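Read through the structure below, which is laid out as structure tokens, and then see the notes.
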There are 2 protein chains.
Amino acid sequence: MLNAPVYTSASLKAELNEKGWRLTPQREVILTVFQNLPEGQHLSAEDLYALLEEQGEGISLSTIYRTLKLMSRMGILRELELAEGHKHYEINQPHPHHHHHLICVRCSKTIEFKSDPILKIGTKAAQKEGYHLLDCQLSIHAVCPTCQRSLLV
Amino acid sequence: MLNAPVYTSASLKAELNEKGWRLTPQREVILTVFQNLPEGQHLSAEDLYALLEEQGEGISLSTIYRTLKLMSRMGILRELELAEGHKHYEINQPHPHHHHHLICVRCSKTIEFKSDPILKIGTKAAQKEGYHLLDCQLSIHAVCPTCQRSLLV
DNA sequence: CGCCTTATTGATAATAATATTCAGTTGAGG
DNA sequence: CCTCAACTGAATATTATTATCAATAAGGCG
Ligand SMILES: [Mn+2]
Ligand SMILES: [Mn+2]
Ligand SMILES: [Zn+2]
Ligand SMILES: [Zn+2]
């Protein structure tokens with residue numbers, strides 16, 4: 001069941017150190033931002049950069065890109081394709097908060113929804129092949145009601 | 001249930017013309033390539049470009065990018081994030097061939113698997129919100145057995 | 001069947017997200 | 001503390017994808 005723990009600074013440090021990596025203030029700040037992000041919000045690299053700038057905790061874009069990638073590969077964050085041209089990120093929540101995305105390919109309006117069966121099926125599929133699960137996300141690409149009406153394409 | 005028909009030149013033409021667009025030899029060729037692609041194969045824009053070059057049916061990269069995007073937004077092709085840095089495409093098959101992807105985030109080794117329940121859940125989720133379904137794909141990000149062994153990160 | 005309008009193509013240049021480089025800094029283990 | 005490799009930030013490079021624009025060719029229509 002997506003063994004994605006709720007990370008604390010301590011557990012993040014432990015997991016990093018285990019691999020010879022380090023806990024830095026920047027990584028701690030970024031984790032905190034994602035942990036406090038309201039449900040349904042997703043940040044791009046630029047979003048995160050701007051947000052931190054605002055908070056007076058400026059972190060370089062280089063470090064932001066590196067950290068987003070690192071944490072995604074650790075299974076701490078999820079990398080999402082919610083819009084064309086750039087990725088979005090959110091914290092990778094375990095079971096009761098784990099969810100999926102219904103995305104309008106025209107305007108990018110996104111609706112989240114939960115599904116236990118999907119998480120189960122995904123977990124089993126990974127297990128069967130001996131893969132170590134990091135994230136499991138159903139992406140539904142569709143056209144929202146508004147965009148259906150506006151006949152534009 | 002993902003009303004993605006099996007496209008023929010005629011039905012492609014019909015659907016294009018309906019929107020004031022045109023069927024061109026290039027679009028026909030590209031559709032044919034994807035329809036004849038063996039199960040489990042996915043093409044990037046560059047892959048497709050090289051493949052057509054080889055076949056002596058060279059099509060410009062501009063047109064390839066435009067066509068891949070157009071056909072994805074029409075629901076004819078699926079746009080997949082199977083590797084970092086570029087997208088892959090495959091034909092969007094209806095029910096009995098519809099499938100999902102288990103992807104190693106380290107080496108990009110990908111395994112396909114089917115699941116009727118997921119397609120059902122996705123279809124229902126879109127319906128409930130009044131979205132017009134184009135594609136429904138579960139992406140499982142994980143680490144394959146080989147990459148688990150090689151302790152590298 | 002031709003004609004006219006306009007979508008489409010291909011070549012080229014532009015854009016923008018992300019990666020890389022490297023010198024200076026700082027975690028973490030001993 | 002000390003050492004050393006991992007990390008950061010600034011600048012630069014990369015590269016997938018998009019935009020531009022003149023030339024071409026679908027397709028609706030008379
Ligand atoms: Mn979300
Ligand atoms: Mn596939
Ligand atoms: Zn929309
Ligand atoms: Zn692998």
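No experiment lies behind these values; they were computed from the predicted model shown. Residue numbers start from 1 in every chain, and the chains themselves are labelled A, B, ... in the order their sequence lines are given, proteins ahead of strands.
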Modelled atom types, side-chain donor and acceptor of A:Tyr131 and B:Gln148, under 3.5 Å = no
Rounded distance (Å) that lies between atom P of D:dT15 and atom OH of B:Tyr49 = 17 Å
task = Under 4.0 Å from any heavy atom of chain A: name the first and the last nucleotide of DNA chain C that qualifies, 5' to 3'.
result = C:dA17 to C:dG29
task = Among residues two or more places apart or on two chains, list those pairs meeting ring pair (Phe, Tyr, Trp, His ring centres under 6.0 Å) that have a residue in residues 24-47 of chain A.
result = A:His42-A:His101
inquiry  = Students often get this wrong, so: under 4.0 angstrom with heavy atoms, is B:Leu61 touching a base, only sugar-phosphate, or nothing?
reply    = nothing
query = Excluding sequence neighbours, so at least two apart, what forms side-chain hydrogen bond (donor to acceptor under 3.5 Å, both in side chains) with B:Asp47?
reply = B:Ser44
inquiry  = Expressed as a whole number of angstroms, how long is the span from A:Lys87:NZ to D:dT17:P?
reply    = 10 Å
ask   = Base, sugar-phosphate, or nothing: which does A:Arg66 touch, judged by heavy atoms less than 4.0 Å apart?
value = base
note = Quick note, ring pair (Phe, Tyr, Trp, His ring centres under 6.0 Å) partners involving residues 64-91 of chain B, not counting sequence neighbours, are B:His86-B:His88
All side-chain hydrogen bond (donor to acceptor under 3.5 Å, both in side chains) counterparts of B:Thr32, not counting sequence neighbours = none
query = When the distance from CG of A:Leu70 to P of D:dA6 is rounded to whole Å, what number comes out?
reply = 13 Å
query = Considering heavy-atom distances to DNA chain D, does A:Thr63 or B:Lys69 have its closest nucleotide positioned more toward the 5' end?
reply = A:Thr63
task = Ignoring the backbone of A:Arg27, work out which of D:dT8, D:dT17, D:dA11 is nearest its side chain.
result = D:dT8
Residues forming a side-chain contact (heavy atoms from CB on, under 4.5 Å) with A:Arg66, sequence neighbours excluded = A:Ser62, A:Thr63
query = With sequence neighbours left out, which residue pairs that include part of residues 105-128 of chain A fulfil the ring pair (Phe, Tyr, Trp, His ring centres under 6.0 Å) condition?
reply = A:His100-A:Phe113
key: Any B:Tyr65 side-chain nitrogen or oxygen under 4.0 Å from OP1 or OP2 of D:dT17   = yes
query = In whole angstroms, how far is the P atom of D:dT18 from the NE2 atom of A:His86?
reply = 13 Å
message = Can you list everything that forms a side-chain hydrogen bond (donor to acceptor under 3.5 Å, both in side chains) with B:Glu54? Sequence neighbours excluded, please.
response = none
message = Does B:Asp116 form a side chain to side chain donor-acceptor pair (under 3.5 Å) with B:His95? I'd like the steps, not just the answer.
response = CA-CA 8 Å; B:Asp116 289 355; B:His95 174 261; 3.3 Å; yes
inquiry  = Going by the rule side-chain contact (heavy atoms from CB on, under 4.5 Å), which residues pair with B:Glu53 if we only count those two or more places apart in sequence or in a different chain?
reply    = B:Tyr49
query = To the nearest angstrom, how far is A:Glu18 atom CD from D:dA6 atom P?
reply = 16 Å
Enumerate the protein-to-nucleotides 25-28 of chain D contacts in which both atoms are nitrogen or oxygen and the separation is below 3.5 Å.
| from | atom 1 | to | atom 2 | distance (Å) |
| --- | --- | --- | --- | --- |
| D:dA26 | N3 | B:Arg22 | NH1 | 3.0 |
| D:dA26 | N3 | B:Arg22 | NH2 | 3.4 |
| D:dG27 | OP1 | B:Asn17 | OD1 | 3.2 |
| D:dG27 | OP1 | B:Leu23 | N | 2.8 |
| D:dG27 | OP2 | B:Lys13 | NZ | 3.4 |

End-to-end axis angle, where each axis spans five pairs of the helix from C:dC1-D:dG30 to C:dG30-D:dC1, to 10° = 50°
Whole-Å gap separating P (D:dA10) and CD (A:Gln26) = 11 Å
query = Applying salt bridge (Lys or Arg N to Asp or Glu O under 4.0 Å), which residue pairs with at least one partner in residues 75-92 of chain A are found, sequence neighbours left out?
reply = A:Arg78-A:Glu90, A:Arg78-A:Asp135, A:Glu84-B:Lys69
